[in-house]
Amino acid sequence: MELDPNTSAKITRYRPRDAPPVWDEVAPVVRSVVAATVSAVPYDVERLLHVTGALALWAAGTGLGREPDVWLRNEVIDAFVLSRAGAVEGSTIRTYRTWLLRVRDALAFSERGEAAPARLHARPNPHQPYTKAELAAFRHWAQHLARQQRTDGLALLGLGAGCGLTPKEVAASRGTHLRRLGPGGPLLHTGARRVVPLVARAAWGPLLGELADAAGGNYLFRPRRTASYAKNLIGSWSLLHRPPGHLPGLSAGRLRATWIVELMAARIDHDLIAKAAGLASAASLARYQHHVPPLDDTTAIRLLHGSGP
């Protein structure tokens, strides 16, 4: 990875305050580790040098060795951050640990010639799902738009609330990506990469099937565009076509959140929902849980009781 001159100079010049004599021995390794990972982690280079250098010095001082494959092990990182307890705040200790684990992962992937792994934690503030009443009102409103605006509005609603697609996936969807499993069977979306079949919700299947037949090999949403995707592709359409009255604006993110919460409320297995949504793990769904209505006693008893032997 080629670094910009400013970053490269900071790495080359770095030396801890009151550096012990052993620094001169571990400095080349610390600089190499930071140079190999700084572009793959979202941290400032000076802070990365500070925490990586501190770990290397601590490992050398405790006799654990001076090679990164030794001091970037999980147990060594944990022992190092625990040794800082009392000297720094608890939040800082957790931050150090997070940084060092990211450096460890980025270094491992770099040495194999691969990209650094994606962050797997969920966004803390997911989109607010629409209510059933809002979704029904959106559909009624879109049905009465003129010509292409009607098709665009219904495609956005169906792909978002019916298939849970991301904005990029909505934009990339073509009529040929939707196919039905036999007469009257469920509608599959084959254009989004998932580890499980992506099936349109029953309430949206017939509509999406009609739109797919009409679109053929063309895009379902805004087929006359020249660019395959732009950040404002959906947002600009929503700004130009605002629903009347009290309804909020139409958002692909909120439509996807509505789809996720609907599946969770149906008590579908969370691992299956995560895979259908293209999320890293079922843990990503925890941020939506407070939108899921609680079970009534009758349903809770039925689910907990299960079927007989």
Side-chain angles (χ1 to χ4, degrees), residues 42 118-142 145 149 152-173 177 189 191-196 198-205 207-208 211 219-222 228-294:
R119 302 189 75 164
L120 300 183
H121 71 270
R123 290 173 61 245
N125 297 308
H127 291 285
Q128 177 87 8
Y130 294 116
T131 65
K132 288 183 179 181
E134 287 172 337
L135 207 56
F138 279 135
R139 190 163 177 169
H140 177 79
W141 161 73
L145 292 174
Q149 286 81 10
D152 289 339
L154 291 174
L156 177 56
L157 285 165
L159 294 170
C163 296
L165 298 188
T166 66
K168 272 192 176 182
E169 290 168 342
V170 169
S173 294
H177 289 153
H189 192 300
R193 297 183 62 183
R194 300 289 190 271
V195 296
V196 297
L198 182 54
V199 184
R201 297 292 284 169
W204 295 96
L207 170 64
L208 285 171
L211 294 174
Y219 292 121
L220 287 163
F221 178 74
R222 302 186 74 172
S228 59
Y229 181 70
K231 280 188 175 181
N232 66 344
L233 180 70
I234 295 175
S236 60
W237 188 93
S238 298
L239 284 173
L240 288 171
H241 305 88
R242 290 194 62 84
H246 64 284
L247 285 174
L250 198 54
S251 156
R254 292 190 66 179
L255 289 169
R256 174 172 158 86
T258 304
W259 174 81
I260 289 173
V261 171
E262 181 181 315
L263 295 178
M264 294 175 70
R267 309 301 157 178
I268 295 173
D269 178 73
H270 282 197
D271 183 61
L272 177 58
I273 298 174
K275 288 175 179 176
L279 297 172
S281 73
S284 301
L285 298 175
R287 55 191 167 142
Y288 296 99
Q289 188 62 50
H290 66 286
H291 293 300
V292 179

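All values derive from a computational prediction rather than experimental measurement. Quick note: numbers below take in every heavy atom, side chains included, and nothing from hydrogens, waters or symmetry partners.
In terms of heavy atoms, Y288 sits closest to H127 at CE2-O, 4.4 Å. The two atoms that bring A252 and P167 nearest to each other are CB-CG, 3.9 Å, heavy atoms only.
Residues passing the side chain to side chain contact (heavy atoms under 4.5 Å, CB included) test with E169, sequence neighbours excluded: L165, T166, A192, R194. Every ring-ring contact (aromatic ring centres under 6.0 Å, His included) that F138 has, sequence neighbours left out, goes to Y130. Residues satisfying the ring-ring contact (aromatic ring centres under 6.0 Å, His included) test with H140, not counting sequence neighbours, are H144. Looking at residues two or more places apart in sequence or on another chain, you find no side chain to side chain donor-acceptor pair (under 3.5 Å) involving T258. For S238, there are no side chain to side chain donor-acceptor pair (under 3.5 Å) partners at least two apart in sequence or on another chain. Residues satisfying the salt bridge (charged side-chain N to carboxylate O under 4.0 Å, His left out) test with R222, not counting sequence neighbours, are none. Here H177 pairs with nothing under the side chain to side chain donor-acceptor pair (under 3.5 Å) rule; sequence neighbours left out. Taking A286 as the reference, nothing meets the side chain to side chain contact (heavy atoms under 4.5 Å, CB included) condition, with sequence neighbours excluded.
For the atom pair CH2 (W259) and CH2 (W204), the distance works out to 14.5 Å, reported to the nearest 0.5 Å. The CG atom of L255 sits 10.5 Å away from the CD atom of E134 when rounded to the nearest 0.5 Å. One distance of note links CD1 of I260 with CD1 of I273; it measures 8.5 Å at 0.5 Å rounding.
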- side-chain contact (heavy atoms from CB on, under 4.5 Å) assessment of C163 paired with V199: CA-CA 7 Å; C163 296; V199 184; over 6 Å; no
- Mind running side-chain contact (heavy atoms from CB on, under 4.5 Å) on L154 and L208 for me, showing each step along the way? CA-CA 8 Å; L154 291 174; L208 285 171; over 6 Å; no
- Between W237 and I234, does a side-chain contact (heavy atoms from CB on, under 4.5 Å) hold up when you go through it step by step? CA-CA 5 Å; W237 188 93; I234 295 175; 5.7 Å; no
- Item | Test log, rule side-chain contact (heavy atoms from CB on, under 4.5 Å), inputs F221 and L233 | CA-CA 10 Å; F221 178 74; L233 180 70; 4.2 Å; yes
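The closest side-chain heavy-atom distance from Q149 to L240 is not below 4.5 Å. Proximity of P244 to W141: side-chain heavy atoms (C-beta onward) are separated by under 4.5 Å at one or more points. Side-chain contact check for H241 versus D152: every heavy-atom pair is 4.5 Å or farther apart. Proximity of L220 to V170: side-chain heavy atoms (C-beta onward) are nowhere separated by under 4.5 Å.
Using a distance-only test at 3.5 Å, with no hydrogens or angles considered, no donor-acceptor pair links the side chain of R201 to the main chain of G164.
Sorted by first and then second residue, the side chain to side chain donor-acceptor pair (under 3.5 Å) pairs with a member in residues 263-278 read D271-K275; sequence neighbours excluded. Residue pairs meeting the salt bridge (charged side-chain N to carboxylate O under 4.0 Å, His left out) criterion with at least one member in residues 234-254, sequence neighbours excluded, do not occur.
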